[in-house]
Amino acid sequence: MPKVKVKRKSTALDMAPMCDMAFLLLTFFILTSNFIQKEVVQVSTPSSISEIKIPERDIMLILIDKSNHVFFGIDGQETRKEVLSEVGNAYGIEFSKKELEEFSVVNNFGLPISGMKKFLSLSAEQRDMAENAIGIPTDSIDNQLKQWVKAGRAVNPNARIAIKADQGCAYPIIKKVMNSLQDLQENRYNLITSLEENPEKINIK
Amino acid sequence: MAEINTEGKGSGKKGKPKKMSTRVDFTPMVDLGFLLITFFMLATSMIKPQTMELAMPSKDKPKAGEESVVKASRAVTIVLGKDNKVFYWEGKQEGDKKPTVVTSNFSSTGIRKYLIERNFEIMTKVRDLDKQRIPQHMPDSTYNRKKKDFLRLKSSPIVIIKVTDQATYKNLIDILDEMAICNIGSYAIVDITPDDLAMIKQ
């Protein structure tokens, strides 16, 4: 009787299908991705049942953190440059080309305009330090937030104003921001919240 | 199968050109693919943040005769106090006649229960509409229009929201949320007056 020959199988796999799949997924993620924008402060938004999505572009973001500091950000690199030079003009501060270039990569910031020159001369890591997060003045005597929003509106007329505030922040600061916006005739804006299920809708289901 | 030919060039056999396999080892490419996938997965935000749209009245003083007067019978005033407390009363304060102030909270048996009872007619209408609605037959635009018509009915209360300085932002969002949950069409955020503060002190 002849011996039954056990065929030796190679342990190497054909990786081609796996490679196909990996790149398919990769393509999907690249096409659908919009990158997380870095924010200077951590803000945990309150939840609401509202399901309206915020548009991706043309956003003027006003951030308010737990310790009631106000931050401002606008999207678009060219827009940012124009906004900075406009606000600089209003306060009599001239920004150099390099400074404008630096400013165009700043997502949001929270400091008075007087400290802006120093802020822009810092490296990206140093900018994140706590001492640079002191908030934009919103007092009635020196309301710089108003200037920023005004400049933002002038440069990008389509921009929407979004307020992203921490759930723990006190009402007076919100009132100040809202009053500043009202002074500028900006009566429609969005409040950014996270999602929560509508208790009414659950009952119906 | 998929291994790469690793023999060096001058490995002995002379003359005969070696037949190279056309198969390439894909493993490093797969590695790279997954590495990039991981990166994109971690660096993207799939969920867009939700927003609540808010329209505030403009600051211009309304012309004489154009001010909107809220009927006392429809008015409900809600005051947000500190420590997540909510105070509400119906009607207006006129002379000696003081409405009774009720202290409540943000739970489902608190302010929401009251608002749902107060707004019961419209709540049932909207609920019926939700029940009957078959999304395939009724597009969102029709649904929203119908809902809006309900919200305009005269039986709904007009809610005046006043926020004390001790309240937090979360309280404000919560109360705006309650307006949406209880289908209240007309509400406004109004500055608080010393009279209101005196009312809630009691």
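Each chain gets a letter, A, B and so on, in the order the sequences are listed, and its residues count up from 1. Here the structure is a predicted model, which is why all the values come from computation and not from measurement.
Taking the side chain as every heavy atom from C-beta outward, A/L25 and B/M41 never approach each other to under 4.5 Å. A/M178 places a side-chain heavy atom less than 4.5 Å from the side chain of B/L172. Contact of the A/F29 side chain with the B/L36 side chain is not registered, since no non-hydrogen atoms from C-beta on lie closer than 4.5 Å.
The CE atom of A/M21 sits 6.5 Å away from the CD1 atom of B/I37 when rounded to the nearest 0.5 Å. Here the OG atom belonging to A/S48 is positioned 13.5 Å from the CD1 atom belonging to B/I175, to the nearest 0.5 angstrom. In this structure, CG on A/N179 lies 6.5 Å from CG on B/D191, to the nearest 0.5 angstrom.
With respect to B/Y169, the side chain to side chain contact (heavy atoms under 4.5 Å, CB included) criterion is satisfied by exactly one of A/T45, A/L191, A/N68: A/L191.
Highest contact tally toward chain B, considering only A/I192, A/I174, A/I49, is held by A/I49 [criterion: heavy-atom pairs under 4.5 Å]. Options B/V163, B/D174, B/T27, B/V30 differ in how many heavy-atom pairs under 4.5 Å they form with chain A, and the most are formed by B/V163. Interface summary for chain A: among B/D31, B/T168, B/L54, B/D165, the most heavy-atom pairs under 4.5 angstrom belong to B/L54.
Residue-environment remark: CZ (B/F120) stays at or below the threshold of 12 foreign heavy atoms within 6.0 Å. Annotation: B/K85, atom NZ; neighbour count of heavy atoms from other residues, nucleotides and ligands within 6.0 Å does not exceed 12.
When heavy atoms are compared at a cutoff of 4.5 Å, A/K175 approaches chain B solely by way of its side chain, counted from C-beta outward. Proximity to chain B is absent for every atom of A/T27, based on heavy atoms less than 4.5 angstrom apart. With a threshold of 4.5 angstrom between heavy atoms, A/F23 approaches chain B through side-chain atoms but not through N, CA, C or O. Contact of A/D20 with chain B is not made at all, since no heavy-atom distance falls under 4.5 Å.
Minimum interatomic distance between A/Y171 and B/I189 (heavy atoms only, all atoms of both residues): OH-CG2, 3.8 Å. The two residues A/A22 and B/F34 come nearest to each other via the heavy atoms CB-CE1, 3.6 Å. The shortest non-hydrogen separation linking A/S50 to B/D177 is N-OD1, 4.3 Å. In terms of heavy atoms, A/P46 sits closest to B/I173 at CG-CG1, 3.6 Å.
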